[in-house]
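Have a look at the structure below, then the notes.
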Protein chains: 2
Amino acid sequence: MLAEIITIGDEILIGQIVDTNSAWMAKQLNSIGVSVKQITSVSDDENHILEALVDAEKRADIILITGGLGPTKDDITKKTLAKYFNMGFRRDEGALEMVRQIFEKYKRPLIDINMQQADVPDGCEVIVNKNGTAPCMWFERNEKIFVSMPGVPYEMMYLMDDEILPRVASRFKLPSIIHKTILTANIGESFLAKEIEEIEDSLPKHIKLAYLPKLGQVRLRLSATGDNENILKAEVEVFAQQIIEKVKKFVVIDEDIPLEQAIINMMKKRSLTLSTAESCTGGYIAHLITQHPGCSSVYWGGAVAYAYELKESILGVKENTLAKFGAVSEETVTEMAEGAIKHFKTDYAIAVSGIAGPDGGTEDKPVGTVWIAISSKNKTIAKVFNFSNKRIQNIERSAASALMMLLNLLREDS
Amino acid sequence: MLAEIITIGDEILIGQIVDTNSAWMAKQLNSIGVSVKQITSVSDDENHILEALVDAEKRADIILITGGLGPTKDDITKKTLAKYFNMGFRRDEGALEMVRQIFEKYKRPLIDINMQQADVPDGCEVIVNKNGTAPCMWFERNEKIFVSMPGVPYEMMYLMDDEILPRVASRFKLPSIIHKTILTANIGESFLAKEIEEIEDSLPKHIKLAYLPKLGQVRLRLSATGDNENILKAEVEVFAQQIIEKVKKFVVIDEDIPLEQAIINMMKKRSLTLSTAESCTGGYIAHLITQHPGCSSVYWGGAVAYAYELKESILGVKENTLAKFGAVSEETVTEMAEGAIKHFKTDYAIAVSGIAGPDGGTEDKPVGTVWIAISSKNKTIAKVFNFSNKRIQNIERSAASALMMLLNLLREDS
């Protein structure tokens, strides 16, 4: 079964927001055996939406549409869907009741344009949205399904989890789609490909291998589609094990999880604790780690020491060190990491200090100069990196490099 | 001039990665006067890519393609483009030299599949990629331009900034596209619409108004396209001022910047300093703030106090408070905020402690219970929120709520 995702909204096409909905939806659809054929983002323009619907109907069996359901005049998805299906409008009682409840809950007066949120094309089935005033609408025509949902992420997510996915899964006999990911580090994509060339060439047609390089890591993904989930899993596992055996020393983990999660899992198994001392990454490493449930048994916390004063007061960096070597130096970052171990009483610590930019660089230390130190109770390893002049990238690359250094030290220590 | 962005890669369609490239590209294209008509994500499948190219060529004048240029077998963009344009291959000397330099820099042996990165369809122009081994390729046919770039964000960004955008801007007479955004808070989308209804109805046809609600904030965006940038700006400004006048008390700022940046700017003007004390948001608020250049004169840093021990040692939360009321309580979050003011010596502090989930909830304090406190030197305001059972959303909504509370206190104090 093929799906197409259509996201509607000028805000996507002018780059005002990043479309995070589609990836989440695609992942959920895959998990019940629906493949996403295409993701299409179109503007709040009637003709353009109609065109996208026509095209999607040709390509896919189920078309999931998000966005354009707000109460304001720029939102035209509902009107356009009515036109596409040649339907009139009716006011849906269930949807209206939900609008009423939401306004009652927030103690706001109900005005006419809010009640209009309950008007829907008369041939659609309404799925009540418990988290917002825009109802979800389910259309069927010529064996094709169209579902229109609000673009607000958490409203869409609840509707998908609680309503759309269970309906689709129970109604159709769906195949199994299996993905198996092997996270590797410290080896380039092309060398990895060369190492596992024979295994790749021996893959049967229904198993595909993909390479996803990112910030010093390469994810290898084996994907298979078929009828029997257990057989597929077993088949894929055979090839996964061959690959792991072949490039063992580069394998971080054979799950599709981010590096920081792999590290947390590894540390949890070994009952180790971690803290952070961040300057230029400004809490980003802490955020990466704390996104993941269950991190608290390993990660104790840390400091975001942006100002000199905080480097001294929270981490115990010496005033003299900062004055003599500067905040971006081997000496300072070493004291930050060792200070974290000492003050936060953890087994390992990450410290980062650099010039994220775009300003603040000098001839000696241009923008993109980043010192990273990793400490255990016995030793500290510090390393300097020269990244780019782009702030966000410098933050991301610093974080990825710090995590890689921690991984390597953990492996050395094991 | 219309552009279409085509992103190629199964990883997008199975939801393994979020496509952040397209939003960035769209924003840059807009800034030079190119409108993005559609963003299309397709799989690593020859027929599908060919189909997408045919469709895009009908809709747009310039087609920007990212992804599928790696050295491994799953990357088929180059081959597919050669087929689309009916071209053979040649080895490009400039591209080969760059591959050589990159391998020399990292002291890695050059193998055959790396050299093949320099093979390009023989009718395209090569634009050397200084940050990676996949060259950028520029094709022209029937007045349409096709540009193929690697999907690695920083490689794509350099190519766009340094090569593609300047070329397009110098070659075509492009219109001006003006966006003006007004960030509002504390008012719902529908009420806002009602307040400014008359202004919206009086907008000329070439100026569009859009509403973008997100986490308690609504962005109003006026967009205009035309030949004379100064006239457009002046026109849009007239309507923007009318709107600001009408809903003054809800306006945070009349720039398209995130809430935290508006707060930082406001605090910078008033020479105020800020620190953070985060538990369940785990550094996310610090990260939001430190993404932005120039934040360091306002933001001094803070603590990510995940463990009880760190709440006590860094922030001075009393052991007794934690024992009696728990980490997620008005008492603890108040001590966290006041501790931040005291220990980090800033004018304002944000503290957050909650149960992000998915586990850790109790009957009294279910998952999604979050206490937030904002302190100035004179007072502390604490508030409890009940969010959802989704961890990432709880983190994001906690951060947005904390920033809103800080904004409101700053306004009160001004």
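Keep in mind that the numbers below use all heavy atoms, side chains included, and drop hydrogens, waters and symmetry copies. Protein chains get the first letters and strands the later ones, always in sequence-line order, with residue 1 at the start of each.
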Legend entry - Residues B:Tyr154 and A:Asn394: side-chain donor-acceptor under 3.5 angstrom: no
Inset, instruction - Indicate whether any N or O donor in one side chain lies under 3.5 Å from an N or O acceptor in the other, for A:Asp256 and A:His179. - result: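 Short answer, no.
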Quick check on the interface: out of [options], who has the most heavy-atom pairs with chain A under 4.5 Å?
options: B:Lys214, B:Glu396, B:Glu197, B:His292; result: B:His292
options: B:Ala303, B:Gly9, B:Ala210; result: B:Ala210
options: B:Pro293, B:Ala193, B:Gly70, B:Gly283; result: B:Pro293
options: B:Arg59, B:Gln291, B:Lys27, B:Gln16; result: B:Gln16
options: B:Ile17, B:Asn30, B:Thr72; result: B:Thr72

Engaged part of [X] at the chain B interface, taking heavy atoms whose separation is under 4.5 Å:
X: A:Phe103; answer: side chain
X: A:Trp24; answer: neither
X: A:Glu189; answer: both
X: A:Leu209; answer: backbone

Legend entry - Options A:Ile285, A:Ile14, A:Thr40, ranked by heavy-atom pairs under 4.5 Å with chain B, top entry: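 Ranked by heavy-atom pairs under 4.5 Å with chain B, first place is A:Ile14.
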Inset, instruction - Not counting sequence neighbours, which residues clear side chain to side chain donor-acceptor pair (under 3.5 Å) with A:Gln117? List them please. - result: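 A:Gln117 satisfies side chain to side chain donor-acceptor pair (under 3.5 Å) with A:Thr133 only.
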Legend entry - Polar side-chain atom of A:Glu4 near backbone of A:Gln38 as donor-acceptor pair, under 3.5 Å: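 No; judged by distance alone, with no hydrogens or angles, the pair does not exist.
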Legend entry - All side chain to side chain contact (heavy atoms under 4.5 Å, CB included) counterparts of B:Asp10, not counting sequence neighbours: A:Lys208, A:Arg221, B:Ser43, B:Asp44
Inset, instruction - Check each of A:Thr276, A:Thr290, A:Thr273 against A:Tyr299 using the side chain to side chain donor-acceptor pair (under 3.5 Å) test, and report the only one that passes. - result: A:Thr276
